[in-house]
Amino acid sequence: MSDSTAVPRRTWQRMTASGRFVVEAVTDEILRVAYWPANAQPHRSWSLAPSATAPHAVDVAIDDQGDHASLSTNALQVTLTSPADAESLGLVIARKDGSAVLEQASIRLAANGRPVWTSALVEGEVIYGGGERTGPLNKRGRSMTFWTTDPLPNHGDQTGAMHQSVPLLIGLVDGKACGTYFDVNERAEADIGKAPANTLTYTPESADLVAYVFAGPTLGDVLRQYTSLTGRMPMLPRWAFGNQQSRWSYMSADEVLAIASGFRDRSIPCDALYLDIDYMDGYRVFTWNPERFADPAGLIQTLREQQLRLVTIIDPGVKVDAAYSVYQEGIAKGYFARKADGAPFQGWVWPGLSCWGDFAQPDMRSWWGDQLRGLIEAGVAGIWIDMNEPAQAGIFAPPSVKISHGETLPDDVVHGMLDDPITHARFHNTYGLEMARATFEGLRRWRPDERPFVLTRAATAGSQRFAIVWNGDSTSSWDNLRLAIPLNLGVGLSGFPMTGGDVGGFWQNTTAELLVRWTQLGALLPFCRNHSAMGTARQEPWAFGEPYTRMCREAIERRYQLLPYFLTLAHEATLTGAPMARPLSWIAPTHAESLACDDEFLLGEALLVAPVLDEGAASREVLLPPGEWFAWESSVLHAGNLRISAPVTLESMPLYARAGTILPLAAVAQSTDGMTEQPLTFHVYLTENNPTATADIWLDDDHPLAEERGAFGVWRATAAWQGDDLTVQLERVNGQLAWPYPSSSIALHLPEGWTIASLDSADDLHGDSFVARYHVTRG
Ligand code: GLC
């Protein structure tokens with residue numbers, strides 16, 4: 001947390017009657033634009049990473065001419081207008097090449113004295129981001145509320161606010177991207193060209209307003225710039241990239257073991273099983289039900305012998321129960337959110353009458369982390385945190401209590417230390433972030449030799465430093481399957497690279513066909529977990545028998561083949577903030593159809609995924625972005641910038657590898673533990689137009705200190721085709737990890753008509769460096 005009122009150099013500022021406007025070059029590419037009222041409390045940022053406040057070298061030239069001024073850096077040219085008697089600031093922000101970042105932006109004060117941001121939307125501009133949102137990926141023409149919300153009973157196209165509220169909006173026009181991030185905790189509304197059509201208006205319920213503008217100019221640059229402030233996902237444990245299985249709830253150790261056998265007996269790969277709220281004793285967090293889970297450590301040991309991990313849920317609501325130590329201690333130490341009169345606030349959630357952990361207090365966070373010790377010592381691999389918007393649930397309340405499901409805490413509830421209080425209205429959006437911080441730090445403290453795994457429902461800017469996210473309670477419907485694509489792409493473009501939703505859908509009964517289609521899609525999203533609500537039909541991958549079990553298995557197997565690629569993309573995200581699943585516009589930012597595409601995505605830059613989203617489909621229309629694309633199964637080459645109709649059966653899903661890429665594919669293993677036991681295959685996709693390819697492959701020893709210790713490797717695969725000669729090479733370019741695969745093989749994918757005449761020479765394909773030379777001929 002930083003006090004962002006300090007004004008360093010490289011800053012322009014104007015005092016007005018009510019406060020001051022400040023413009024600061026944070027880096028050459030990042031501008032901070034702020035308004036602070038004269039007598040307001042300093043704005044505290046919960047979202048910024050500690051590294052964000054470190055000074056960066058930046059060359060700034062400021063020319064202040066009274067009511068107008070200019071400020072320039074190596075990347076940006078800014079014109080400021082602030083007439084002496086006006087309570088407003090106008091900005092024109094351009095890149096050094098003259099292209100507009102924001103053609104016109106302003107902060108002005110509304111009638112209630114609060115600052116409002118507006119910026120012009122230009123013709124053809126699309127707007128991405130905002131966190132977790134339904135509707136199309138392009139949010140232009142819509143409005144959004146920034147207020148973490150459990151949108152019950154379920155989310156649909158018009159849902160206004162969901163669990164992950166991230167005030168980052170990314171504009172993309174003429175192939176160039178820029179971003180605006182509002183570092184505001186309070187509730188806010190954004191109108192993104194809904195009325196009027198060419199203006200973006202951001203209206204927070206805060207007295208001050210701090211915005212960061214990112215110059216881009218690519219989507220990747222905007223994410224890099226944004227995450228340089230709010231932080232990046234740390235590398236996750238390897239098992240997190242495997243298939244995960246959950247249900248509300250697996251009710252006993254025996255049931256969990258039966259689920260484990262369900263996977264292993266049918267050879268369906270899986271890495272982790274989840275325990276939902278019923279593993280606890282009366283929904284008391286940090287306890288186990290003594291009858292149904294009598295020996296948690298024994299259960300976890302048995303699962304580990306089958307290469308399965310166990311994840312348990314923890315909610316922020318603590319049961320009001322004088323005989324329960326977590327409640328007793330929390331009360332004694334003042335660690336629960338309190339009413340305005342200082343008494344602990346009581347509301348309703350799964351355990352019945354409950355208090356809410358007050359994660360605004362640093363000591364409380366550390367105490368909460370300590371409560372995890374028992375779970376960690378039993379061997380729990382990761383923690384799933386939920387209901388942390390925070391959301392109440394009235395189902396176990398007496399009839400006289402009227403709590404609508406998802407209702408949050410009242411605005412006047414107070415958080416924070418007694419001498420540093422903050423109202424719920426100001427802390428609400430940050431609650432999930434601070435719960436994730438407490439959980440992450442607890443895991444790291446009590447198990448320093450393993451990478452923490454925290455899955456959270458509620459999140460805001462910066463939560464990516466501590467947790468990954470899923471999409472909350474979807475419905476088992478074709479509509480919800482379809483909206484999962486833009487939803488997860490939008491979350492990815494909001495700084496959360498590792499995201500996914502409940503495979504099969506949460507509420508209502510799924511069907512055999514929907515489960516297969518959802519598994520095919522879900523297995524290629526970064527986070528893949530099948531989960532469903534209490535009272536719904538079972539939806540484990542084998543729930544509908546054959547042939548559906550086989551189809552689900554095949555979809556999951558494809559994920560396990562792609563694990564080396566998933567791990568590499570995840571590592572890239574830790575360095576750059578790039579999402580693992582990306583919109584087509586990531587590689588085709590000037591291609592109008594790609595900008596508007598809501599039903600396909602790219603995994604990294606090499607793989608195009610076109611999930612089947614219609615019941616009974618016999619074909620699906622696929623938009624192939626500019627480039628050339630090899631169909632996954634048949635290796636048939638397609639030209640890009642084209643729509644094609646791909647025939648499908650229930651077991652197939654259109655998937656394409658981009659020409660000019662190399663994909664490292666592992667052999668299918670039953671868990672990530674077995675990923676490196678069999679040979680790796682380099683799939684090389686080349687054409688006459690795309691005759692070269694380079695792919696870096698990241699692998700590490702899965703330890704939190706892998707990078708510091710050099711226990712990682714970056715291997716660079718390159719391929720080049722010229723005339724009749726085609727060469728594929730592998731070399732280590734960084735790190736000291738031994739190449740773990742027993743051997744490698746190469747699969748060449750070339751346009752129709754080309755064949756391999758001979759393999760002239762191949763060094764030993766057993767090590768981590770080789771050169772393979774092919775002679776290829778036409779016909
Ligand atoms: C919430 C979660 C859901 C979970 C349920 C019970 O609805 O979103 O995933 O199963 O609570 O804990």
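Read the numbers this way: they start at 1 and go in the same order the structure lists the ligands and their atoms. Predicted, not measured: the structure shown is a model, and the values here were computed from it.
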Give a yes/no verdict on whether any heavy atom in W384 is under 4.0 Å from an atom of ligand 1. yes
Using a 4.0 Å heavy-atom cut-off, say whether W507 meets ligand 1 through its side chain, its backbone, both or neither.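 It is neither; nothing of W507 touches ligand 1.
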Given D276, I277, L275, which has its nearest heavy atom closest to atom 10 (O) of ligand 1? D276
What residue and atom, counting heavy atoms only, is the protein's closest point to atom 7 (O) of ligand 1, and at what distance?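 For atom 7 (O) of ligand 1, the nearest protein heavy atom is D473 OD2, 2.7 Å.
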Just need the protein heavy atom nearest to atom 9 (O) of ligand 1, so name the residue and atom and give the distance.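 Result: H531 NE2, 3.0 Å.
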Counting the benzene-type ring for Trp, do F453 and W384 have ring centres under 6.0 Å apart? no
Within the 6.0 Å centroid threshold, strictly below: Y335 and W368: no
Cationic N near anionic O, under 4.0 Å, D271 to R238: no
Got a salt bridge between D157 and R482, using NZ or NE/NH1/NH2 to carboxylate O under 4.0 Å? no
Give a yes or no answer on whether the side chain of D315 reaches the backbone of I385 with a donor-acceptor pair at less than 3.5 Å. no
Okay, side chain of T312, backbone of L275: is any donor-acceptor separation there less than 3.5 Å? no
Could an N or O of ligand 1 be found under 3.5 Å from any N or O of [X], whether backbone or side chain?
{"X": "R457", "value": "yes"}
{"X": "D315", "value": "no"}
{"X": "D386", "value": "yes"}

Give the numbers and elements of all ligand 1 atoms closer than 4.0 Å to a heavy atom of [X].
{"X": "I313", "result": "12 (O)"}
{"X": "F506", "result": "3 (C), 9 (O), 10 (O)"}
{"X": "W470", "result": "8 (O), 9 (O)"}

Do you know which of L514, T510, D502, T511 makes side chain to side chain contact (heavy atoms under 4.5 Å, CB included) with Q539? T510
Under a 4.5 Å cut-off applied to non-hydrogen side-chain atoms, are W518 and S474 in contact?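 Sidechains of S474 and W518: in contact.
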